[in-house]
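Below you'll find the structure, written out as structure tokens, and then a few comments.
Throughout, a chain's letter reflects where its sequence line sits, starting with A, and its residues are numbered from 1.
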Number of protein chains: 2
Amino acid sequence: MTVTIREIAKQAGVSRGTVDRVLNDRPGVKPEVRDRILSIVAELNYVPNIAAKALAYQKKPLVFGIVMPPQEIQFFEAIRNGIGVAAEELKDLGVRLEYRFVDNKSPEEGAAAIRELVEAGVSGIMFSVMDDELIRASIDYAAERAVPIVTFNSDVELSKRICFVGQDLHKSGMVAAGLMNRVLQANAKVLVVTGNLKFHAHRSRVEGFKQGLAEHGNKLEVLQVIEGFDRYADTYLQLDCALNANPDLGGIYMATGDIGACVDVIKHHKQEGKLRVVCNDLISPAILGLRERIIDFTIVQNPERQGYLSLRILFDHVFAGKQPESEHHYTETHIYIPESL
Amino acid sequence: MTVTIREIAKQAGVSRGTVDRVLNDRPGVKPEVRDRILSIVAELNYVPNIAAKALAYQKKPLVFGIVMPPQEIQFFEAIRNGIGVAAEELKDLGVRLEYRFVDNKSPEEGAAAIRELVEAGVSGIMFSVMDDELIRASIDYAAERAVPIVTFNSDVELSKRICFVGQDLHKSGMVAAGLMNRVLQANAKVLVVTGNLKFHAHRSRVEGFKQGLAEHGNKLEVLQVIEGFDRYADTYLQLDCALNANPDLGGIYMATGDIGACVDVIKHHKQEGKLRVVCNDLISPAILGLRERIIDFTIVQNPERQGYLSLRILFDHVFAGKQPESEHHYTETHIYIPESL
DNA sequence: ATGAAAGCGCTAACAT
DNA sequence: ATGTTAGCGCTTTCAT
């Protein structure tokens, strides 16, 4: 049978109120009583009933804070949708959300947002802005006040967040290599475009790609790794130059950066369909490129799921005391071609 | 503010019991009172609180029946996992499951299982066995008794099920064609293997494949559509024969049927890695084939999600009165290569 | 430090 | 036909 607080109380010879205090780490219980109750809880394998808890919370709903870049950033749209799905499921369980949209270039804003939310008494925070010392300090500040934080999409490493939910960048590079290996002949030449190799996140995909090629016996040759700094002009100029220099180019892997620039260069060189192109994410230039048959594949790591899971993990942690299964939760890697859209 | 039954009762000048009767279509309410209450419900945009409902149901938990092929069938493992995830989420909301594993070749067993579950008083049924007249009659029988049925993985067309959750077979054929078009040269020759062209389900993938080729300007030639009848021997013999007859073959699309047979024929002909091979699902022979680099791609339509969504749709229907968004709910189509496993 | 009791929104058994 | 009331399991306030 399901074991309830009432049952625990009876066995321990105390009232339900006391059991509740113990279960929720509230003060005012003699240590020996607390221990006795805890041992009974463990023995009987007590698990709180979510519905009952939720109902009791209706008076004072739990609030979760969400700190992320502004609405305009298209990439985050899918993530927001996923958050919305989870929020819908959790609505009746007494959960409310509090959004803070902050500039993803300025750590100050993000750090301040976290502190504000903690002061405001939120029960947990989802965070995705950037990895920075200031942010790390804020996360630890929250952690000290027992406010759990889940980072999503981009991690803040070495911080006291309970979990990161996002993509496995190295793996997406490996998959890109796998695709290139299947669509290009042996000895074909490829270009890799990334943002800035100083950033760990940007390097990961490139490293994954190279490892993927190596595991296939390095049948393809990487001519050059272009740093486009996520800017259209830099990317365009360098790609243009590289295409001029290598008329026998086989393919381009757009690991990070401006996909529009890549598409435009290919059009300018009238190489539509002649080069194999692999990029990431389902953002509009990628979708257009796929439809125009300029891009062959785009690799996606389920951003909707990232949003959904982050909130769900936070909820399960706060409400059911569940620890995340692992510190890193990677969403599945999927390959899209125009037919699969 | 959240509007509750109490509020409705006050506005209608009746008791909460009466409102509850109306809301749950139970008899014993004067028509005019019922109408008055319903109009207030609509006006105030009343939505029942799931947590409260769930709590009240703890005494007599809702039971959902699940009718599917036996545990041994590997393909269904992922679906069962998905059902498990949903069940876990719904456990505290007062939901229990009642499984009936039946032979997927015999409609009698499936039809009987449905009737038994209805008699036993389940609140909804998930069904996946086969499309048959006997089954259809049982589904309609359940529907008449207000027991909603969701079919999953394989539909029972023209029946009174509230929704089908599964793959879009035509689309998976289209995607297969898209892949072949990307990995093969123009004018390459391909074979298609299916189970039995008499079955609508088996035909769909083949038709999708042909349409996909057509939309690319028919650059590839389909030499033959082999019917393997899902048997190893038939598939092996015909493929073996076709490979002998066509030394210049470019690729094989295993739309339906025994993947192991295909892999073995390729090994026998020492064509590992020389033919491009696309198949479906993440079952063990496909995974092995991918790892051995004999199969290039396998197309998957998220069976885990099929299980999860079927139960969730049923629950939302029964518990929150939600209608499925559409009669067919297709899960996403994904492409796997060994690197993405 | 602990117990008792009210209440979260809904259902269902029992009264009228 | 309709009203009343006792739970469902947990939290929280108010007594003690």
Side-chain angles (χ1 to χ4, degrees), chain A residues 1-37 41 44-62 90-96 121 123 318-321, chain B residues 1-37 41 44-62 90-96 121 123 318-321:
Chain A
M1 265 312 296
T2 54
V3 24
T4 71
I5 271 192
R6 183 175 237 116
E7 178 67 17
I8 309 268
K10 200 164 69 181
Q11 300 231 2
V14 297
S15 76
R16 317 188 264 148
T18 304
V19 176
D20 187 64
R21 280 175 201 113
V22 173
L23 255 24
N24 293 289
D25 284 320
R26 271 175 295 141
V29 180
K30 237 190 306 188
E32 58 240 52
V33 177
R34 157 166 266 117
D35 290 347
R36 181 152 43 95
I37 291 178
V41 162
L44 266 50
N45 217 331
Y46 167 78
V47 185
N49 182 296
I50 299 285
K53 238 177 140 147
L55 192 56
Y57 270 112
Q58 296 279 125
K59 299 179 192 178
K60 194 166 62 73
L62 287 186
L90 301 178
K91 197 185 52 192
D92 274 352
L93 301 183
V95 169
R96 272 196 27 236
S123 304
V318 172
F319 225 68
Chain B
M1 265 312 298
T2 52
V3 23
T4 69
I5 272 193
R6 182 174 238 117
E7 179 66 19
I8 308 269
K10 198 165 69 182
Q11 299 233 3
V14 299
S15 76
R16 316 186 269 148
T18 305
V19 176
D20 186 63
R21 278 174 201 114
V22 172
L23 255 23
N24 294 288
D25 285 320
R26 270 175 295 144
V29 181
K30 237 194 300 188
E32 59 241 52
V33 177
R34 155 165 268 118
D35 289 348
R36 180 150 44 95
I37 292 178
V41 162
L44 265 52
N45 216 332
Y46 167 78
V47 185
N49 182 296
I50 299 285
K53 240 180 138 144
L55 193 56
Y57 270 113
Q58 296 279 126
K59 298 180 194 175
K60 195 165 65 71
L62 286 187
L90 301 179
K91 197 184 51 190
D92 275 352
L93 301 184
V95 169
R96 271 195 30 232
S123 304
V318 172
F319 225 67

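Under the salt bridge (Lys or Arg N to Asp or Glu O under 4.0 Å) criterion, B:Lys30 pairs with no residue, sequence neighbours left out. The side-chain hydrogen bond (donor to acceptor under 3.5 Å, both in side chains) test applied to B:Asp92 returns no partner, not counting sequence neighbours. Among residues two or more places apart in sequence or in another chain, the ring pair (Phe, Tyr, Trp, His ring centres under 6.0 Å) test is passed with B:Tyr57 by B:Phe319. Partners of B:Lys53 according to the side-chain hydrogen bond (donor to acceptor under 3.5 Å, both in side chains) rule, which considers only residues two or more places apart in sequence or in another chain, do not exist here. Under the rule for a side-chain hydrogen bond (donor to acceptor under 3.5 Å, both in side chains), the partners of B:Asn24 that lie at least two apart in sequence or sit in another chain are B:Asp20. Remark: B:Lys60 pairs with no residue by the side-chain contact (heavy atoms from CB on, under 4.5 Å) rule, at least two apart or across chains.
The shortest side-chain heavy-atom distance between B:Asn49 and A:Gln58 falls under the 4.5 Å cut-off.
Residue A:Tyr46 places at least one side-chain N or O under 4.0 Å from the OP1 or OP2 atom of D:dC10. Contact annotation: A:Lys59 side-chain N/O to D:dT11 OP1/OP2 distance is not under 4.0 Å. Contact annotation: B:Asn24 side-chain N/O to C:dT11 OP1/OP2 distance is under 4.0 Å.
With rounding to whole Å, B:Leu62 atom CG is found 16 Å from C:dC10 atom P. Atom-to-atom, CD1 of A:Ile5 to C1' of C:dG3 comes out at 14 Å; the value is rounded to the nearest Å. A:Asp25 places its CG atom 13 Å from the P atom of D:dT12, with the value rounded to the nearest Å. The CZ atom of A:Arg6 sits 14 Å away from the P atom of D:dT11 (whole-angstrom rounding). Between B:Glu7 atom CD and C:dC10 atom C1' the separation is 15 Å, expressed in whole Å. Rounded to whole angstrom, the span from the CG atom of A:Asn49 across to the C1' atom of D:dG9 amounts to 6 Å. Between A:Leu23 atom CG and D:dT12 atom C1' the separation is 15 Å, expressed in whole Å. Taking atom CZ of residue B:Arg36 and atom C1' of nucleotide D:dA1, one finds them 13 Å apart after rounding to whole Å.
The CG atom of B:Leu93 lies 10.5 Å from the NZ atom of B:Lys91; values are rounded to the nearest 0.5 Å.
The nucleotide whose nearest atom lies closest to any side-chain atom of B:Thr4 is, among D:dG9, C:dG9, D:dC8, C:dG9. Minimum atom distance to the side chain of A:Leu55 is reached by C:dC8, of the listed D:dC8, C:dC8, C:dT11. Closest to the side chain of B:Arg26, from the set C:dC10, C:dA12, D:dT11, is C:dA12.
A:Phe319 comes within 4.0 angstrom of no nucleic acid atom, judged by non-hydrogen atoms across all strands. Residue contacts for A:Asp20: at a heavy-atom cut-off of 4.0 Å it reaches a base atom on one of the strands shown.
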Ignoring hydrogens and angles, write down the donor-acceptor pairs under 3.5 Å from the side chains of residues 4-14 of chain A, residues two or more places apart or on other chains.
unit_1	atom_1	unit_2	atom_2	d
A:Thr4	OG1	A:Arg6	N	3.3
A:Thr4	OG1	A:Glu7	N	3.3
A:Glu7	OE2	A:Gln11	NE2	3.2

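Rounded to 10°, the angle separating the first-five-pair axis and the last-five-pair axis of the helix from C:dA1-D:dT16 to C:dT16-D:dA1 equals 50°.
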Each nucleotide N or O in nucleotides 2-5 of chain D that has a protein N or O under 3.5 Å away: list the pair and distance.
unit_1	atom_1	unit_2	atom_2	d
D:dT2	OP2	B:Lys30	N	2.5
D:dG3	OP2	B:Ser15	N	2.7
D:dG3	OP2	B:Ser15	OG	3.1
D:dG3	OP2	B:Thr18	OG1	2.8
D:dG3	O6	B:Arg21	NH2	2.3

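Nearest approach of B:Arg34 to B:Asp25, heavy atoms of both residues: NH2-CA, 3.9 Å.
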